[in-house]
Number of protein chains: 2
Amino acid sequence: MWKGDQAMKKMTIKDVAEALGLSPGTVSKVVNNSGRVGDKTRKRVKEYVKKHGYVASANARILKSRLSFTIGVIFSDISHVGLEHPFFASILQSFKTAVEERGYEIVFIVSRVGENELTYYQWCRNKKVDGVLIVMGNINNPNIQEVVQSEIPCVSTDIVMDNLQSVISDDKEGVRLALDHAENLGCEHITHITGPTSSRGFAERAAAFSREMEERGLPLPDEAVEIAEGFGFTSGYNATLKHLKKVARPPELILAGSDELAFGIVRALESKRLRVPEDIMVMGYDDIKFAKHFTPSLSTIRQNKEKIGRLAAERLLSAIEERRPKRKEITKVPVELVKRQSTGRG
Amino acid sequence: MWKGDQAMKKMTIKDVAEALGLSPGTVSKVVNNSGRVGDKTRKRVKEYVKKHGYVASANARILKSRLSFTIGVIFSDISHVGLEHPFFASILQSFKTAVEERGYEIVFIVSRVGENELTYYQWCRNKKVDGVLIVMGNINNPNIQEVVQSEIPCVSTDIVMDNLQSVISDDKEGVRLALDHAENLGCEHITHITGPTSSRGFAERAAAFSREMEERGLPLPDEAVEIAEGFGFTSGYNATLKHLKKVARPPELILAGSDELAFGIVRALESKRLRVPEDIMVMGYDDIKFAKHFTPSLSTIRQNKEKIGRLAAERLLSAIEERRPKRKEITKVPVELVKRQSTGRG
DNA sequence: TTGTACGCGTTATCAA
DNA sequence: TTGATAACGCGTACAA
């Protein structure tokens, strides 16, 4: 089906109208199921359109109408975390699948168009996106604040803010499950190593950890919460070494803020001749695909990434289609304890 | 900066023109650095535009002009492999970064718009994308054939076809490096377990493997190449068990078609009380992030994902901007041997 | 520089 | 009711 250099001339609504001896307006109505059109005409148009594969130009349509069937995605502004981050990639994937099923598509919001630097909000206006998903963001980013406070429907699977719908894991419950598990294993001296608290998840888990430990009457010295410098393996590794230097005696269990941190934590412990789980236990958070293939396989709190993405899509599309006023609303998605070798014999 | 429900009225080129007592055409020229405009006028316009943050509507612009500064991405059609696949996600990430630096953005090509089923080509025409990246595709997919044979510039980081530019790893070299390594380790009985050969990478590695083994005079019974059913851990696991049943005695080394397969291979061997690397060695392919954290850490052939993505971006953008006729062209990116524990003592 | 036709649909208005 | 007409959305490009 080689078309050579010259493209097949594109069929426009006028071509269709002309071929059928109708006006463009009438064809438009049929295509969009709007307005009144006679039955036989409607049928003629539908058949022609189907047969010849006419589809309205996306750009012309968006230019005129309210909706673009496009969702802008804010993926990352902080710390070179990209599509390669398994947790966020999973969420994005399931969100993408869900909106595509409803005829929407996703585009990544960037802060420039051609040569112009735009704010996220300007970008959205410029592209007329129908809604915005914040997969990962920082509440102090003025760009994000602007979008969230604007008239554009938004949903986040990460941050929580005024006027913003969020679909997130129940982190309090996650920490509770983790500590229940720890207590069942007979652990009392527990350390929490988490990532930068500029990230909501990390901050929330750290807060929940402290509160829970107190309520349970477990020891909570200052060193019991260690903040790693980044998101990845190396950050977890380094934070662990730092922590071990601070304490007289290693804790019985370390709860990590994420699986990736946990991987680094485990290796750091091993480098100090501490065996996991025999000498010290480790728990992760997220249950990314690799957690079960790690050695020792990682006990963790599973976040339901698929559900988070799907629910976020539902919430956002309803907000778009019902045009209701924006308000803060948090949907908590249950988490689940996954027991593996790193806290026992697997 | 709460804007409430009613959006700030959008500023159009007419508003700008009116405010400055000029015509829209003049403003357009300034904004696009095209055509002749007087110096002082140009300056006045630039200042006004900067101050008030006017940006041309993307849709109106695309509607009229040749370029959309948009690249369509074909990510996956086969086997539920999504953004979660670390190898392809890495390539896409670096491609995305590279094109964004040049003012382009990416959109995922899907096969429907609203209610209409479109072919990829129709979709591209409909959206006026400037070019297409095929991150992963099947050469027998008519949708892909149509795009590739069309007038739209394309580049692939996966498949190889007529009229298509490809930026891929030098798999022959990769297999050669792997077998050199194997021979240096004294291995002669080598098995290759790879994924579905509908995927170019797997097919090419399998072919290279057979050829190289023959040239080296190493044994190449039929069972020496085992095709797994899928891309992931489980496929590797099952293929290994199947292979072990076929052979009288396990090979000395297994070369996997990908790291993910290799993970499954290793665990399958262990389940049969074969230690890696003591009893049998295993090599992966790709060097995804996790390969070095696996136990045993995985020796592998590193594909330069970052470079593949970046080069693909360069090739595609040149093709777009120079509008040269399409032809087949393969850019091979060097690979690298990474020695770790799974083939020695690490 | 400006005027204006044009790109391609959508939608409000109007005639039949 | 049915369908046609025309203005509109927002820029671009070319003639004047």
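Letters A, B, ... are given to chains in the order of the sequence lines, protein chains preceding strands, and every chain is numbered from 1.
Considering only the side chain of B/S57, D/dC10 comes nearest among D/dC10, D/dT2, C/dG9. With distances taken from any side-chain atom of B/P24 to the nucleotides C/dT10, C/dC8, D/dT12, the minimum falls on D/dT12. The side chain of B/L63 has C/dG7 as its nearest neighbour among C/dG9, D/dG11, C/dG7. Closest approach to the B/R61 side chain among D/dC10, D/dT12, C/dT11 is made by D/dT12 (side chain taken as heavy atoms from C-beta onward). Here the side chain of B/K64 is nearest to one of C/dG9, C/dC6, C/dT10, namely C/dC6.
Judged by distance alone with a 3.5 Å cut-off, no donor-acceptor contact links the side chain of A/K14 to the base of C/dG9.
Using a cutoff of 4.0 Å between basic side-chain nitrogens and carboxylate oxygens, B/E84 and A/K305 are not scored as salt-bridged. At a threshold of 4.0 Å, the pair B/R323-B/E151 does not count as salt-bridged, since none of the basic side-chain nitrogens sits closer than that to a carboxylate oxygen. Between A/R102 and A/E314 no salt bridge is recorded (no basic side-chain N to carboxylate O distance below 4.0 Å).
B/I62 comes within 4.0 angstrom of no nucleic acid atom, judged by non-hydrogen atoms across all strands. The residue B/T41 sits close only to the backbone: its heavy atoms come under 4.0 Å of sugar-phosphate atoms, none of a base. Among the protein residues, A/G25 comes within range of the nucleic acid bases, having at least one heavy atom under 4.0 Å from a base atom. Base contact: B/T26 has a heavy atom under 4.0 Å from a base atom. Within the nucleic acid shown, B/V37 comes within 4.0 Å of sugar-phosphate atoms alone, with no base atom in reach, counting heavy atoms only. Using a 4.0 Å heavy-atom cutoff across all strands shown, A/N59 reaches no nucleic acid atom at all. The residue B/T12 sits close only to the backbone: its heavy atoms come under 4.0 Å of sugar-phosphate atoms, none of a base.
Distance, B/R66 CZ to C/dC8 P: 15 Å, rounded to whole Å. To the nearest angstrom, P of C/dG9 lies 13 Å from NZ of B/K127. At whole-Å resolution of the value, CG in B/L22 and C1' in D/dG11 are 16 Å apart. Per the geometry, NZ belonging to A/K29 stands 13 Å off P belonging to D/dT1, to the nearest Å. Rounded to a whole Å, the CD1 atom of A/I13 is 11 Å from the C1' atom of C/dT11. Spacing between atom CZ of A/R125 and atom C1' of D/dC10 amounts to 14 Å, rounded to whole angstrom units. Rounded to whole angstrom, the span from the CG atom of A/N126 across to the C1' atom of D/dG11 amounts to 12 Å. Per the geometry, CZ belonging to A/R36 stands 17 Å off P belonging to C/dT13, to the nearest Å.
OP1 and OP2 of C/dC8 both lie 4.0 Å or more from every side-chain N or O belonging to A/Y54. For the OP1/OP2 pair of C/dT10 and a distance below 4.0 Å, the side-chain nitrogens and oxygens of A/S65 include no atom meeting the criterion.
Checking A/D39 against A/K128, the closest nucleotide of DNA chain D that is more toward the 5' end is the one next to A/D39. Residue whose closest nucleotide on DNA chain C sits further toward the 5' end, between B/A60 and B/G21: B/G21. With the nearest nucleotide of DNA chain C identified for both A/S28 and B/R42, B/R42 has the one nearer the 5' end.
Residue-environment remark: NZ (B/K332) exceeds the threshold of 12 foreign heavy atoms within 6.0 Å. Summarising the local packing, NZ of B/K328 is surrounded by more than 12 heavy atoms from other residues, nucleotides or ligands at distances under 6.0 Å.
For the residue pair A/R61 and B/N126, no side-chain donor N or O sits within less than 3.5 Å of a side-chain acceptor on the partner.
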